[in-house]
Amino acid sequence: MIIDVIMPKMGESITEGTIIEWRKQVGDSVEKDELFLEIGTDKVDSEIPCTDSGIIVEILAAVNDVVDVGSVIARIETNADAAKPVVTSPKKEMSKAEPVPIEEKPIVAQKPAPSPLPSAISGEKKFFTPIVNKIAAENNIGVEELMVISGSGKGGRVTKVDILKYLKTHLQPSMEKPVNIPLGKEPIVSSGVEEQVEMDHMRKLIAGHMRKSIDTAAHVYLVTEVDMSAIVQYVNERENDFYNKEGFALTYTPFIIQACVIALNSFPEMNASLDGTTIIFHKNINIGLAVAVDKGLMVPVISKCEELNFLGLTRKVRDLALRTRNKQLNPDELQGSTFSISNFGVFNVTIGTPIINQPNVGILGVGAIKKRPVVIETDAGDTIGIKSMMNLSLGFDHRLIDGAGGSQFIDSVRQNLESMNLDSLV
């Protein structure tokens with residue numbers, strides 16, 4: 001039976017999508033839930049799983065085609081025998097008036113994609129408990145990688161402690177630790193000829209969005225420094241217990257978000273947007289969190305932050321960061337922000353001036369935390385001490401926010417971080 005593959009609806013406000021890449025061609029076999037197509041919208045690029053197993057017999061939309069939601073973009077024959085080329089005598093007629101052309105070559109059915117985390121691997125006596133499978137799935141660990149983890153359980157079985165230890169020593173926490181970005185995998189030898197390359201879909205979206213923001217908002221920037229010593233000490237003391245309990249690292253981002261939420265409650269104009277000369281004060285605090293991905297940047301949104309406690313924020317940050325990098329976001333999760341945070345400190349950058357994420361009127365830039373000698377004022381006199389310091393930069397739209405309001409807001413964020421009641425967080 002031939003099944004139509006239609007352009008999926010990627011979100012409530014999405015009416016069309018762009019074909020970015022077909023990972024299968026006519027005549028190729030495809031398994032149910034196998035990622036065989038990448039689609040781009042004005043919000044996000046998404047990898048699309050196949051809805052049925054079979055053989056692709058027709059592709060109706062080429063790369064870079066813009067297709068309406070609900071339109072047929074391909075057809076799959078679920079009966080593998082019917083999809084194979086049939087050798088007949090010249091006198092035998094085709095049963096269909098309009099046969100679908102099939103490449104005259106033997107079709108080798110691909111091996112079905114293995115389950116990401118089976119509990120047993122055929123041919124090897126190695127088993128994994130449900131909790132190990134669950135942690136591996138949440139952290140995008142494949143079968144091959146899972147097999148090499150040394151197990152301390154009975155018969156060499158991998159335990160929860162083993163996989164958590166492996167994650168801590170082999171995988172980098174998602175948002176906070178400095179990332180070493182290679183300048184190049186190998187030396188580039190100039191060919192003497194200029195190369196012209198068309199922007200990919202994501203880069204075009206970023207370019208348009210950033211240009212629009214510069215043309216729209218009157219950008220102004222303020223910078224302050226924050227003493228993060230107490231929070232750094234808290235993370236260092238609690239990180240092992242937190243990791244063993246939650247299965248991921250305790251990072252600094254949730255502290256910064258919580259400090260911003262408290263400040264935004266006190267300064268509602270920073271949680272607003274402009275529609276011409278109309279000021280829209282938003283009911284909820286929806287924080288857009290910039291996440292670096294391959295060849296670009298995405299800003300997933302944590303909605304209704306004012307309703308989340310600290311532990312809820314840590315889980316949301318982890319979940320969104322992982323799904324963003326794995327291209328598992330729904331486009332609706334990339335819209336509706338009322339304030340944004342860009343954490344370039346993960347790349348060991350101390351200060352920056354990020355562009356406002358429209359239609360927000362403010363964005364907070366977060367620098368790297370570094371130990372520095374600072375003057376400590378006490379009743380007994382001034383001394384020099386070593387503190388963990390962090391620079392915060394605030395970009396805001398001067399059409400709505402004046403310098404005084406911006407200064408008061410960023411200083412409120414600083415105070416919230418330096419005076420946070422850490423004992424009641426987790």
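Values reported hereafter were calculated over all heavy atoms of this structure, with side chains retained and with hydrogens, waters and symmetry mates removed. A quick note: this is a predicted structure, and the numbers were derived from the prediction, not measured.
- Looking at S412, its side chain never comes within 3.5 Å of a backbone N or O of Q408 through a donor-acceptor pair.
- Residues passing the side-chain contact (heavy atoms from CB on, under 4.5 Å) test with L400, sequence neighbours excluded: A272, L274, I279, V361.
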Quiz item: What's the verdict on side chain to side chain donor-acceptor pair (under 3.5 Å) for K370 and N348, showing C-alpha distance, side-chain angles and the deciding distance?
Solution: CA-CA 9 Å; K370 294 180 178 292; N348 205 33; 2.9 Å; yes
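- Atom CD of E307 has more than 12 heavy atoms from other residues, nucleotides or ligands within 6.0 Å.
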Exercise. Test E198 against K204 for salt bridge (charged side-chain N to carboxylate O under 4.0 Å, His left out), laying out the working first.
Key: CA-CA 9 Å; E198 180 71 12; K204 289 178 182 178; 3.1 Å; yes
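- Among all heavy-atom pairs drawn from E418 and E225, the shortest one is OE2-O, 4.4 Å.
- Between R75 and D4 there is a salt bridge, since at least one side-chain N of the basic residue sits less than 4.0 Å from a carboxylate O of the acidic one.
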Practice problem: Decide yes or no on side-chain contact (heavy atoms from CB on, under 4.5 Å) for I231 and L417, but give the supporting numbers first. | Solution: CA-CA 8 Å; I231 291 177; L417 285 168; 3.9 Å; yes
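- Taking the side chain as every heavy atom from C-beta outward, V30 and I55 never approach each other to under 4.5 Å.
- The six-membered or imidazole ring of F396 lies away from that of F409, with a centre-to-centre distance of 6.0 Å or more.
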Exercise. List the steps and the verdict of side chain to side chain donor-acceptor pair (under 3.5 Å) for N286 and S337.
Key: CA-CA 5 Å; N286 304 328; S337 68; over 6 Å; no
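- Distance CD1/I363 to CG/D397: 12.5 Å, rounded to 0.5 Å.
- A salt bridge links R414 with D411; the closest basic N to acidic carboxylate O contact falls under 4.0 Å.
- Using a cut-off of 4.0 Å between Lys/Arg side-chain N and Asp/Glu carboxylate O, D319 and R323 are scored as salt-bridged.
- For the residue pair F339 and C260, the shortest heavy atom distance occurs at CE2-SG, 4.2 Å.
- Residues S388 and K371 share a closest heavy-atom pair of OG-CG, 4.0 Å.
- Of all non-hydrogen atoms in E58 and L60, the two that sit nearest each other are OE2-CD2, 3.1 Å.
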